Amino acid sequence: MLDMNTIRTQPDRVRAAIVAKKAKADLDAVLAADEKWRKATTDAQKLQAEQNAANKDMGRLMKEDKPAAEKLKIAMKELSDRRKALEDEAKKLEADRDALLMYIPNIPHPDVPVGDEETHNKVVRSSGEPKKYPFKPLAHWDLGPKLNITEFERAAKISGSGFVMFRGLGAKLQRALVAWFIDTHVKEHGYTEIYPPVLVLRDAMVGTGQLPKFEEEMYKLRDEELYLIPTAEVPVTNMYRDEILTAEMLPMRHCAFSQCFRREAGAAGKDTRGMIRVHQFDKVEMVNWTHPDKSYEEHENLTRAAETLLERLGLPWRRVFIATAGMGFSNSKQYDLEVHAPGVDRWLEVSSCSNFEDYQARRANIRFRDKDGKVRFVHTLNGSGLALPRIVIGILENFQEADGSVVIPEVLRPFMGVDRFVPEKK
RNA sequence: GGAUGGUUGGCGGAGAUGGAUUAACGCACCUGUCUCGAAAACAGGAGCCCUCCAAGAGGGGGACGAAGGUUCGAAUCCUUCACCAUCCUCCA
């Protein structure tokens, strides 16, 4: 969430951000609620001060002058009741304000193009062109069965629609990608590998902002207050929740493989074929914590780390600088990485790299002590590095050959033990 | 699943019987003295959140896992919940 102080002192900046992000947020209501809350709070505090002063004498009076104490008690009872009423009111007003505050998005960085996605997203970097074929390239949902590496129908039999299953070399490819992604981040990009739990407490989901806003997107256990994570961002970011880090710990770079679970309730009927959009998928996520002065530099590093993987896989990709209206709610700058998939003939988002500045840190209460001993919020960033099913799509569709086989990228061959997927002879 | 104990500031850790606990004490931290400098010792000081303001190293309020309750007054008593630990049971 945003700092209430920023909202009070720079309402115009916040208003501009709401408009640019096309957020449904009522700034005036927040300011009004805040005003009312402060009034009630100061009133209650004045009474509390009065009561504290009187209570100082009470202990003594109880021993020395019982009747006087009893008299004071009656007066204090009345004061106390008034104070409590005011406090209740203040508490309610604060809750109202904070509820509204949750809908105020983060302020985009000045460099972010202002406008709609379609017209103002900017491709700022790319490598490779969409591939041209002398034959009609197949979509992954046709390639998978031909190579006998996927089990779409059987996955649906077991788990319903929206689930994938891999067999043989297809299954092995998942492990190969995960291992290679993580090894590269650890060896070359300075990341520490984390293996997180995929079931988390409600507090963790609130800490990173999935709840309460996206309740219907999350899988939840029936008998316990535990949720299946939609991304490793949740457990990893929450590792340092409510902690005060030392300046020397920054920057911290963690990466984690996890399975991710999403109900996709709002996307029902979208991308139903294949594995572009599924309820369970594998992803390696990068999460960084930095000094506030370094986060934009780190944002470039993080994005480069993901791009390096795409480059070495040999996939045609591009980096898209997302315009204000297309940005996430809580980030200040966002790059999406997209891979071209010739079979479905679309650019697929395989990574989204964001700087959240202190928006997330404030909510999750992640702070550090700077050189002067002052406690400040860190900046947090995260990005996929990378999301598997869409990378698998990219590999299958980009590296298919006329004979129906698919060439395995060189970097994965040490893990795979073979250099191509070959169609099964029926 | 059963039983017991626990949750206090950056860390450790006091705090039966509610009112001098103003959250002690130690470590770490900062400033002085000492020193060429440092360490040690000694003397001071400081933390976090909110708010008011004549804006000053100023005033007030709050925080002892969370939320309620009792009371003139709650870290301390009561209720509910969460989490942690240990033992038992079960289990890959």
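We use all heavy atoms of the structure for the numbers below, so side chains are in, but hydrogens, waters and symmetry mates are not. Lettering of chains follows the sequences in order, A, B, ..., and the numbering in each one begins at 1. Since the structure is predicted, the reported quantities are computational estimates derived from the model, not experimental observations.
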Distance check needed: B:A82 P versus A:L199 CG, whole Å only. 17 Å
Can we call the ring centroids of A:W141 and A:F152 under 6.0 Å apart? no
Has the side chain of A:N106 got a donor or acceptor atom that lies under 3.5 Å from a matching backbone atom of A:S330? yes
Using atom C1' of each nucleotide, how far apart are B:A67 and B:A82 to the nearest Å? 10 Å
Per nearest nucleotide of RNA chain B, the residue lying toward the 5' end, A:N52 or A:M4, is A:M4
Protein-nucleotide distance (A:E50, atom CD; B:G60, atom C1'), rounded to Å: 13 Å
For a quick check of understanding: with a heavy-atom distance under 4.0 Å over all strands, which category does A:L79 fall into, base, sugar-phosphate or nothing? nothing
In Watson-Crick or G-U wobble terms, with both distances under 3.5 Å, the base opposite B:G9 is none
Are the charged groups of A:R413 and A:D419 less than 4.0 angstrom apart, N to O? no
Walk me through it: do A:H299 and A:Y335 pass the test ring-ring contact (aromatic ring centres under 6.0 Å, His included)? CA-CA 9 Å; A:H299 188 222; A:Y335 294 128; 4.8 Å; yes
Tell me what A:R8 touches on the nucleic acid: a base, only sugar-phosphate, or nothing, going by heavy atoms under 4.0 Å. sugar-phosphate
Spacing between A:E94 atom CD and B:A63 atom P, to the nearest angstrom: 13 Å
Considering only atom P, compute the distance from B:U31 to B:G37 and round it to an integer number of Å. 15 Å
Closest heavy-atom pair and its distance - A:N238, A:G207: OD1-CA, 4.0 Å
Determine: side-chain N/O of A:Q48 to OP1/OP2 of B:G62, distance under 4.0 Å, yes or no. yes
Integer angstrom distance from the C1' of B:G68 to that of B:C27: 37 Å
What integer distance in Å separates A:E87:CD from B:G60:C1'? 14 Å
Flag the pair A:M416 / A:K172 as yes when at least one side-chain heavy-atom distance between them is below 4.5 Å, and no otherwise. yes
Look for any protein N or O under 3.5 Å of an N or O in nucleotides 66-73 of chain B and output each such pair with its distance, or none.
{"from": "B:U71", "atom 1": "O4", "to": "A:K84", "atom 2": "NZ", "distance (Å)": "3.4"}
{"from": "B:C72", "atom 1": "O2'", "to": "A:Q51", "atom 2": "NE2", "distance (Å)": "3.3"}
{"from": "B:C72", "atom 1": "O2", "to": "A:N55", "atom 2": "OD1", "distance (Å)": "3.2"}
{"from": "B:G73", "atom 1": "OP1", "to": "A:S80", "atom 2": "OG", "distance (Å)": "2.9"}
{"from": "B:G73", "atom 1": "O4'", "to": "A:N55", "atom 2": "ND2", "distance (Å)": "3.4"}

Whole-Å distance, A:N238 CG to B:C83 P, equals 15 Å
Return the pairing partner of B:U35 with a 3.5 Å limit on both distances, Watson-Crick or G-U wobble; otherwise return none. none
For nucleotides B:C11 and B:G65, find the distance between their P atoms and express it as a whole number of Å. 14 Å
Distance, C1' atom - from B:A54 to B:A41, rounded to whole angstrom: 45 Å
Chi angles and distances behind the side-chain hydrogen bond (donor to acceptor under 3.5 Å, both in side chains) call for A:N52, A:Q48: CA-CA 6 Å; A:N52 285 349; A:Q48 181 73 63; 3.0 Å; yes
Between B:C42 and B:G47, how many Å separate the two P atoms, rounded to a whole number? 24 Å
Hey, is CD on A:E35 packed in by over 12 heavy atoms from elsewhere, all under 6.0 Å? no
Re B:A24: Watson-Crick or G-U wobble partner, both distances kept under 3.5 Å, found to be none
Polar atoms only, N or O, under 3.5 Å: list the protein pairs with nucleotides 44-49 of chain B and their distances.
none

Here the pair of heavy atoms bringing A:L79 nearest to A:E50 is CD1-OE2, 3.7 Å
For a quick check of understanding: with a heavy-atom distance under 4.0 Å over all strands, which category does A:D203 fall into, base, sugar-phosphate or nothing? nothing
With distance as the sole test, does A:E298 use its side chain to make a donor-acceptor pair with the main-chain N or O of A:T290 at under 3.5 Å? no
So, are A:E94 and A:K91 salt-bridged, with charged N and O less than 4.0 Å apart? no
Any strand: nucleotide that pairs with B:U86 via Watson-Crick or wobble, under 3.5 Å: B:A3
Set out, in order, the CA-CA distance, both residues' side-chain angles and the distance that settles side-chain hydrogen bond (donor to acceptor under 3.5 Å, both in side chains) for A:R202 and A:Y227, then state yes or no. CA-CA 7 Å; A:R202 187 164 223 287; A:Y227 295 80; 3.1 Å; yes
Value in whole Å for how far the P atom of B:C29 lies from CD of A:E248: 12 Å
Distance-only donor-acceptor test (3.5 Å): side chain A:Q45, base B:G60: yes
Suppose we define a pair by two distances each less than 3.5 Å, Watson-Crick or G-U wobble; what does B:G58 pair with here? B:C52
The correct set of residues in residues 27-37 of chain A placing a heavy atom under 4.0 Å from RNA chain B is A:W37
A:L245 CG to B:G10 P, in whole Å, measures 12 Å
Using a 90° cut-off around 0 for syn, call B:G56 syn or anti. syn
Does A:K36 NZ have over 12 foreign heavy atoms under 6.0 Å away? no
Quick one: are A:V339 and A:L313 in side-chain contact, heavy atoms under 4.5 Å? no
Watson-Crick or G-U counterpart of B:A66, or none if no pair lies under 3.5 Å: B:U80
Find the distance A:D242:CG to B:A82:C1' and express it as a whole number of Å. 14 Å
Counting Watson-Crick and G-U wobble pairs only, both distances under 3.5 Å, name the nucleotide matched with B:U17, or none. none
Same-atom distance (C1') from B:G62 to B:A23, integer angstrom: 13 Å
Does A:R202 have a side-chain nitrogen or oxygen under 4.0 Å from the phosphate oxygens OP1 or OP2 of B:A82? no
Any salt bridge linking A:K84 with A:D88? Criterion: basic side-chain nitrogen under 4.0 Å from a carboxylate oxygen. no
Complement of B:C29, any strand, by Watson-Crick or G-U distances under 3.5 angstrom: B:G45
What integer number of Å spans the C1' atoms of B:U7 and B:G15? 15 Å
